[in-house]
Engineer: 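Right, I'll just put the structure down here and ask away after.
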Amino acid sequence: MAERTLQVTSRLGLHARAAANLVRVASQFESNLTLKRLDGNAEADAKSILSILTLAASRGTDLRIVANGVDEEEALDAVVGLFSRDFDETEKVDGEKFSRAIKELRCKGLGISDGVVIGRVLRLQEGTRNVYRAEIAEADLDREQRRFRAAVRLSRRQLEAIKDRAEKELGRGHAYIFDAHLLFLQDAKLTRDVENYIVRERSNAEWAAKVVGDRLLSIYTQINDEYLRERGSDIEDVIQRLLANLTGEGPKYPNLSEDAVIVSTELLPSTIAELNLNHVKAIATDAGGWTSHMAIIARGLGLPAVVGLRDFYQRTRTGDSIIVDARRGEVILHPSRDTIEQYRFTVHEPVPTERKNVEGGPVTTLDGVEISLRANVELPAEFQAVNEFGACGVGLFRSEFLLSRPGLMSSEQDQYEAYKSLAEAAGEYGAIVRLFDVGGEFGSDVKERERNPALGLRAVRFNLRNKQIMRTQVRAILRAAAAGQLSLVIPMIGDVADVRLAKRLIDEEVERLGAEKATFAEVKIGAMIEVPSAVLTAEKIAREVDFFELGTNDLVQYTLAVDRSNDKVSDWFRTLHPAVLYGISRTVQAAIDAKIPVIVCGEMASTPAYAVLLAGLGAIDLSMIPALIPRVRNVLSHIKAEDARDVALRCLSAATADEVEEMVRNEFNARWPELFPPSALPKIPESRT
Ligand code: PEP
Ligand code: MG
């Protein structure tokens, strides 16, 4: 046996083409040739391209090459020579493509919250389970490896059963794919690497499987041979199965890693609801917009987040280092040492607003107009924030977040408990529970997705079509209302007909609970005004309900026909469009005329400058992200409602969003320069400059 050490010096490392040349040279000799990384246990057969690729040996990697056989010295000479000639690569390689994994990569998106975070990528796909890193005690490493082997065995049994069924139902020709999956599960390359990772990194099996799986995947995506590259999706499939089996059986770990940056193509609200948010530091997604539910939650929880990153997800691997700069709407993958140093000075995770001694109750403007500031909440984790930030109760509870998995509705009793604790958290001002606003982006079952979900069976339409689900929710709300102040609001009302149908069903449940002698209380019923047909018939709807809620997020979406979750059209999502302001003004006036309250609960109310305009349009009841209440309170307490009205009326006369924004910049700057520095006022969109 003979051995030598050497270093990979070629710029792109031991990538696919270099590995192919190495295989060609190594295969000319009889001796066995093994490559070993000096910084770990990874080793590869120098005559197998896949084996070599899994070494992921980039420039600067130190390797030992061991030869065993009759021509071992000649073989070593030849291989070492090849390394020193940088693998005889004469063709110019597409550097951009192959160097992506190691070079610092900056991507611009849309920052939808505040803060900067340095962390590690955790890739999440739709349907993927949470995978966190946990440190395993030395004594438990053996057990962890056994747990992994058990998951492999279980996966194998499942795949064999699937293969049998596929053979019977589809014929042999279609079942071959599962042979590939089974072979993969038996491949020592995967199993050995995971087991080694568990021991080397003292890692839990889930994390080890995810890291090794991602590493294999990224290697496969760089392979030029199309056939081999496509095997990547098989690997992904097998890894998903392993993870599902692991997380399904595994113990829960208390000491999870706390630097996880979730990277995903699109994060569904249901996925967010399932995540243990205490362990998520930041979010970066390919899709999404300012008012998508993911964005709303990220802001609510103070998580730095950048959306609209297009094809960022596919460039990452779990465990990669990453900086998420939500303030500049930028993410940096594989940040260089210099970049990290620069950021270390500036890293500022969103500073939680001072929660102690915050003022509570309504705020009064300088000319004596009282404005209520309520809280929007989505998750039980946020209930506590209602009091901490001095909210006048809960203006909007997005109850659909109780449905942590799409298609899985909570029982009446579970909902009852949730609404009861919501009422307790909300206190004397009470809470408004919105009936499930599902459909739209909540419809995550790919097969059942509608062509135009935002225009489809969403919100009140979904509820009227799925009456049993609505009845269960209404009963839970009515019962919980006996324990605290609760109201109910119906989302996405289109017209009076929607209101009447929904109210008839609510009345039936009231009667039924009465007949059952159940403990319950009747509640006030409101309509969400967020589509143009409701705005245009607001006077009529006002006669049928106890209050309005104005959902400005959807009002912008539907008035301007701009998908709120589509980053490609985010330049057209203009909250300050005169058509939107007109819709708000008309709705507020209809509520005032009918003497019913109107609560503005879209994202607009959380933005101090916009809150001033809303006050100017006559809205004196605003509901927003709890953490932003103190800022809005501060601004409103330093202005006169009369001045706000002046500005709002001028804005209403404008013809375009650009004109309104220009007016806001000028007027606010002239009237309230200390309250509104330029950074707090609307910016000129890049496409207009
Ligand atoms: C809105 O549309 O403004 C609203 C408050 O509801 P959601 O964002 O949940 O659609
Ligand atoms: Mg809405």
Side-chain angles (χ1 to χ4, degrees), residues 112-113 267-270 272-273 288-300 307 373-379 382 391 394-403 431-443 453-463 487-494 498 526-535 538 547-566 573-577 580-581 583-584 587-588 598-607 610-611 613-614 617 619 621-626 628 632:
I112 45 103
S113 52
L267 259 190
L268 295 170
S270 57
I272 304 174
W290 177 259
T291 60
S292 60
H293 281 121
M294 192 281 274
I296 292 170
I297 295 203
R299 281 195 292 277
V307 303
L373 305 175
R374 305 178 195 248
N376 289 348
V377 291
E378 288 79 35
L379 304 169
E382 295 171 299
V394 172
L396 174 67
F397 175 53
R398 293 181 164 100
S399 65
E400 56 279 4
F401 283 87
L402 294 174
L403 314 175
I432 301 171
V433 180
R434 176 169 75 186
L435 293 185
F436 296 139
D437 186 351
V438 288
E441 65 174 306
F442 274 88
L455 304 183
L457 197 64
R458 185 189 155 182
V460 66
R461 303 170 187 175
F462 175 92
N463 288 310
S487 312
L488 172 165
V489 69
I490 312 161
M492 226 181 119
I493 284 295
D498 281 345
M528 290 219 46
I529 306 296
E530 45 189 354
V531 299
S533 61
V535 171
F547 63 95
F548 276 173
E549 290 233 51
L550 226 163
T552 54
N553 303 334
D554 278 315
L555 190 64
V556 178
Q557 155 161 278
Y558 294 121
T559 304
L560 305 180
V562 177
D563 181 346
R564 62 193 266 191
S565 304
N566 183 349
F573 192 94
R574 305 294 291 275
T575 303
L576 295 191
H577 195 288
V580 175
L581 299 185
I584 294 170
T587 307
V588 170
V598 53
I599 300 149
V600 183
C601 61
E603 291 306 282
M604 199 176 168
S606 304
T607 314
Y610 297 177
L613 280 183
L614 287 169
L617 292 169
D621 205 331
L622 309 176
S623 193
M624 64 202 77
I625 292 169
L628 297 177
V632 173

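Just so it is clear, the model here is predicted, and its values are computed rather than measured. Counting starts at 1 for both ligands and their atoms, following the listed order. The residues of the chain are indexed from 1 along the displayed sequence.
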Engineer: Would you confirm whether Ser533, through its side chain, and Gly494, through its main-chain N or O, come within 3.5 Å as a donor-acceptor pair?
Structural biologist: yes

Engineer: Return the closest protein heavy atom for atom 3 (O) of ligand 1 as residue, atom name and distance.
Structural biologist: Asn553 N, 2.7 Å

Engineer: If only atom types and distance count, is the side chain of Tyr558 paired as donor or acceptor with the main-chain N or O of Leu455 below 3.5 Å?
Structural biologist: no

Engineer: Looking at Asp437 and Arg398, would you say the former's side chain and the latter's main chain have a donor-acceptor pair under 3.5 Å?
Structural biologist: no

Engineer: Could you tell me if the side chain of Met624 sits less than 4.5 Å from the side chain of Thr607, heavy atoms only?
Structural biologist: no

Engineer: So, Arg299 and Glu603, do they make that salt bridge, N to O below 4.0 Å?
Structural biologist: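 Looking at Arg299 and Glu603, the cut-off is met.
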
Engineer: Please list the nearest protein heavy atom to atom 6 (O) of ligand 1 with its residue and the distance rounded to 0.1 Å.
Structural biologist: Arg434 NH1, 2.9 Å

Engineer: Looking at Glu530, which atoms of ligand 1 are within less than 4.0 Å of one of its heavy atoms?
Structural biologist: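 Once the distances to Glu530 are compared, the set is 1 (C), 2 (O).
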
Engineer: Considering only heavy atoms of Cys601, which atoms of ligand 1 have at least one such atom less than 4.0 Å away?
Structural biologist: 5 (C)

Engineer: Does Glu378 have a non-hydrogen atom less than 4.0 Å from ligand 1?
Structural biologist: no

Engineer: Looking only at N, O or S atoms, which one in Asp554 sits nearest to the Mg ion (ligand 2)?
Structural biologist: OD2

Engineer: With distance as the sole test, does Thr559 use its side chain to make a donor-acceptor pair with the main-chain N or O of Val580 at under 3.5 Å?
Structural biologist: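 Checked: no pair found.
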
Engineer: Which of the numbered atoms in ligand 1 are under 4.0 angstrom from any heavy atom belonging to Gly602?
Structural biologist: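 Close to Gly602: 3 (O), 5 (C).
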
Engineer: At what distance is the nearest protein heavy atom to atom 8 (O) of ligand 1, and which residue and atom is it?
Structural biologist: Arg564 NH2, 2.7 Å

Engineer: Ignoring angles and geometry beyond distance, decide whether Glu400 reaches within less than 3.5 Å of ligand 1 through its nitrogen or oxygen atoms.
Structural biologist: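 Between Glu400 and ligand 1, no N or O pair is found under 3.5 Å apart.
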
Engineer: Which atoms of ligand 1 are found less than 4.0 Å from any heavy atom of Asp554?
Structural biologist: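 Those qualifying, in numeric order: 1 (C), 2 (O), 3 (O), 10 (O).
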
Engineer: Give a yes or no on whether the backbone of Phe401 and the side-chain of Glu378 come within a donor-acceptor separation of less than 3.5 Å.
Structural biologist: no

Engineer: Hey, could you give me the CD/CZ distance between Glu400 and Arg434, rounded to the nearest 0.5 Å?
Structural biologist: 4.5 Å

Engineer: From the N, O or S atoms in Glu530, identify the one nearest to the Mg ion (ligand 2).
Structural biologist: OE1

Engineer: What atoms of ligand 1 come closer than 4.0 angstrom to any heavy atom of Leu396?
Structural biologist: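 With Leu396 as reference, the close atoms of ligand 1 come out as 5 (C).
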
Engineer: Can a donor-acceptor pair be found, under 3.5 Å and without considering hydrogens, that links the side chain of Asn463 to the backbone of Phe436?
Structural biologist: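 Side chain of Asn463 to backbone of Phe436, a donor-acceptor pair under 3.5 Å: yes, one is there.
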
Engineer: Would you say Glu603 and ligand 1 have an N/O pair spaced under 3.5 Å apart?
Structural biologist: no

Engineer: Relative to ligand 1, is Arg458 under 4.0 angstrom through side chain, backbone, both or neither, heavy atoms considered?
Structural biologist: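 Looking at Arg458 and ligand 1, just side chain atoms fall under 4.0 Å.
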
